[in-house]
**Q** 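Before I ask anything, let me first share the structure, which is written out below as structure tokens.
Worth knowing before you read on, the calculation uses all heavy atoms, side chains too, and leaves out hydrogens, waters and symmetry mates. Since this is a predicted model, take the numbers as computed values, not measurements. Both counts, for ligands and for their atoms, begin at 1 and track the order of listing.
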Amino acid sequence: MCGIVAVIGTRDAAPLLLDGLRQLEYRGYDSAGVATVEAGGLTCVRAEGKLLNLTARVEREGAPGHCGIGHTRWATHGKPEERNAHPHLDAGREVAVVQNGIIENHRLLREQLQAEGVQFLSDTDTEVIPHLLSKELKALTAAGAAATGATLLLALQRTLPQLEGAYALAVLWAQCPEALVVARKQAPLLIGFGEGEFICASDTPALAGVTRTILPLEDGEVALLGPLGIELYNAAGERQQRLPTQLKGTDHVADKRSFRHFMLKEIHEQPETAARWLARHFPEGGPDDPLVALPVEAALLEGLQRIQVLACGTSRHAALVGAYLLEQLAGVPTSVYYASEFRYGPPPLGPDTLTVGVTQSGETADTLAALAMEQQRRADHGDPAYRARLLGITNRPESSLGRLVPQLIDIEAGVEVGVAATKTFLGQLLAFYGLAIRLAELRGSRSRSELHGLVAQLRALPAQLQTLIDRLDLRCAALAHEFADTQDVIYLGRGINYPIALEGALKLKEISYIHAEGYPAGEMKHGPIALLDARVPVVSVAMPGRVFDKVLSNAQEAKARDARLIGVAPEGPDTEIFDVLLPVPVVDELLSPLLTLIPMQLLSYHIAAHRGLDVDQPRNLAKSVTVE
Ligand code: M6R
């Protein structure tokens, strides 16, 4: 949550900071600010709301200097108001700080500082940091230290041990315009090496416009940046030497092309996402070649007794589809946990268990913390059968997840800007299809010809997705008008399509602010059916297979209560019960979620767009949730 940028070099800092923040706006967008420093002192400009407001203010008021820091905020402590926007300053307006993360002991620190006479201007946890730094700087300069980067670094190294919690932060000091310092603990921060400048940011898209040479900071590290070089130190204060690496791929935020929103563009990119993934991981081979090419060592998968998957939000829905596949195709008992719940109530340790963390951003704090806890408790166990078999599934291999787990499946969906996950959901599903088919192949739980048949059908997916998107886009746009006054929607699905009902409801809630719930269709009669009347539409996923007739019966039950029925189902006599049909072609039931997700995404998109809402940046949300 929140994005930070810091630059030092030979160009004006403000435009670089604003460009960087634009690439990080997906991390939070309720307020933003920059501070710059030059010989004349420190300038700080902040604005409530979207980055556009800050940009206009910087253009009007100016922010001179070649060294600066910036922040785009997702509120944790304190309302989204200008006084809570970063950067935060000390009382003398000499020290400016931007921070991503949470300072857990901020209350105690605030009380101690207040007792010393410090007045706070914001409700944030961050504001304690400039005050603490200011104290350290005063003590150091009073003892004769010069106003140099080295002094600023020492003040930071003395301040950090006082902070509990997670942070990535950047600091300016009015007395030293030729230096800035940064630090990270359990929150991402990368340094980019530009030509004649250094740029630091929470994520690679903010660096990609300036350089492709990057150095991710490790946990506990601090760095001093000057126009000519950087110095890197570990938490013990020892100088570190590490070579930078090269950014892979086109890791920058593309434009919307002709689409009205990034979300719509990303929905339309899914045939391409699928084609890329299938070509790489399901290569055409001889009859005896492995069916799936996954970058996962066989030792990780051999002799598995159990799989547990940790994830949040949409990633959890992908995991639920994955669990169905892993159990039904590969025969491995699989449990899916909310990452935020797992950490504080993990199931008893079992031997030969694979733990899979799923997070498109690779930065979700709940998922990372749950995985780290699992890794530790397994490492603590003496018996080798309990060793930590850990696997990550992500769209960002260079993320914190990538550094935490030993093995990773990269879904390679490309940068996703819309806060609502779409193409990354498809990518996660495909990763689970790959994993389940690979495991089924290794364990011999399904015949080779059956698995060959599934893979052959998977290869048809990109074309099917394209046809479906082309066909349903306008239909969903037309249907969206009917939802102008809707307040509640129920989504029903069963079996492998139950998670798709959950995902449809989540998509609608997060971007249209309409209350929606997903239920296993058979569960409706045990309570939720009481909610139904003519004002509550029911979206029912009914795909031919094991539970087709059952879901249709459940839909009939809803119709009998006057609910308007929207079917995500194939055309045919069976599905004439639906008032509106969003037709999906018949495929093997096991593959059907890869198609039924499309009407869910398009329907929620068009309902939100029709309501004139900010589809790509819905209220209260952020793309990457880096706080617990
Ligand atoms: O980056 P992650 O996949 O770990 O994110 C998890 C959730 O925050 C995320 O899926 C969220 O629910 C999305 N906004 C859904 O569209």
Side-chain angles (χ1 to χ4, degrees), residues 1-3 24-29 74 187-188 202-205 261-264 266-267 270 309-322 336-343 356-372 392-402 404-405 408-411 413-432 491 499-500 502-513 516 518 597 600-605 608 613-628:
M1 255 39 197
C2 305
L24 296 181
E25 227 187 345
Y26 73 87
R27 299 175 73 89
Y29 35 78
W74 184 85
S202 307
D203 198 358
T204 51
H261 294 102
F262 277 108
M263 181 181 175
L264 188 60
E266 286 154 4
I267 291 172
Q270 290 176 110
V309 195
L310 316 179
C312 306
T314 289
S315 297
R316 184 175 158 275
H317 298 155
L320 289 169
V321 174
V336 177
Y337 296 90
Y338 287 107
S340 55
E341 293 293 321
F342 182 89
R343 188 179 177 194
V356 186
V358 190
T359 158
Q360 60 80 22
S361 64
E363 300 294 351
T364 297
D366 289 321
T367 310
L368 295 177
L371 281 168
I393 296 179
T394 187
N395 196 32
R396 305 299 303 273
E398 72 292 346
S399 63
S400 302
L401 177 80
L404 180 69
V405 297
L408 208 60
I409 299 180
D410 179 0
I411 62 171
V415 175
E416 187 176 69
V417 180
V419 162
T422 51
K423 62 177 179 172
T424 55
F425 179 56
L426 176 76
Q428 291 167 342
L429 291 183
L430 285 168
F432 275 113
Y491 285 77
I500 301 299
L502 293 177
E503 176 61 5
L506 176 64
K507 285 279 96 79
L508 188 69
K509 273 187 276 212
E510 69 177 331
I511 60 170
S512 74
Y513 318 144
L597 63 87
M600 298 304 182
Q601 295 172 348
L602 284 171
L603 187 60
S604 57
Y605 167 76
L613 296 170
D614 191 345
V615 173
D616 289 330
Q617 296 184 337
R619 69 184 182 202
N620 304 340
L621 296 176
K623 183 81 186 154
S624 176
V625 185
T626 57
V627 293
E628 262 198 271

**Q** Compare every heavy atom of V309 with every heavy atom of A319, then report the nearest pair and how far apart it is.
**A**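 It is CB-CG1, 3.5 Å.
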**Q** Using a 3.5 Å distance criterion without hydrogens, assess whether the side chain of Y29 forms a donor-acceptor pair with backbone atoms of N620.
**A**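 No; zero donor-acceptor contacts below 3.5 Å.
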**Q** Tell me which one of I409, I393, V321 satisfies side-chain contact (heavy atoms from CB on, under 4.5 Å) with F432.
**A**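 Testing each of I409, I393, V321 against F432, the sole residue satisfying side-chain contact (heavy atoms from CB on, under 4.5 Å) is I393.
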**Q** With a 4.0 angstrom cut-off on heavy atoms, strictly below it, pick out the residues next to ligand 1 and order them by chain and number.
**A**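 Lining ligand 1 at under 4.0 Å, by heavy atoms, one finds C312, G313, T314, S315, T359, Q360, S361, T364, V419, A420, A421, L506, K507, E510, V625.
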**Q** Quick check: are there more than 12 heavy atoms from other residues, nucleotides or ligands sitting under 6.0 Å from OH of Y513?
**A**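 Counting other residues, nucleotides and ligands, OH of Y513 exceeds 12 neighbours.
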**Q** Looking just at side-chain N and O atoms, do R396 and T359 make a donor-acceptor pair shorter than 3.5 Å?
**A**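 No, no side-chain donor-acceptor contact under 3.5 Å.
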**Q** Taking all non-hydrogen atoms of both residues into account, name the closest pair between T367 and V358 and its distance.
**A**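 So the minimum-distance heavy-atom pair works out to CG2-O, 4.1 Å.
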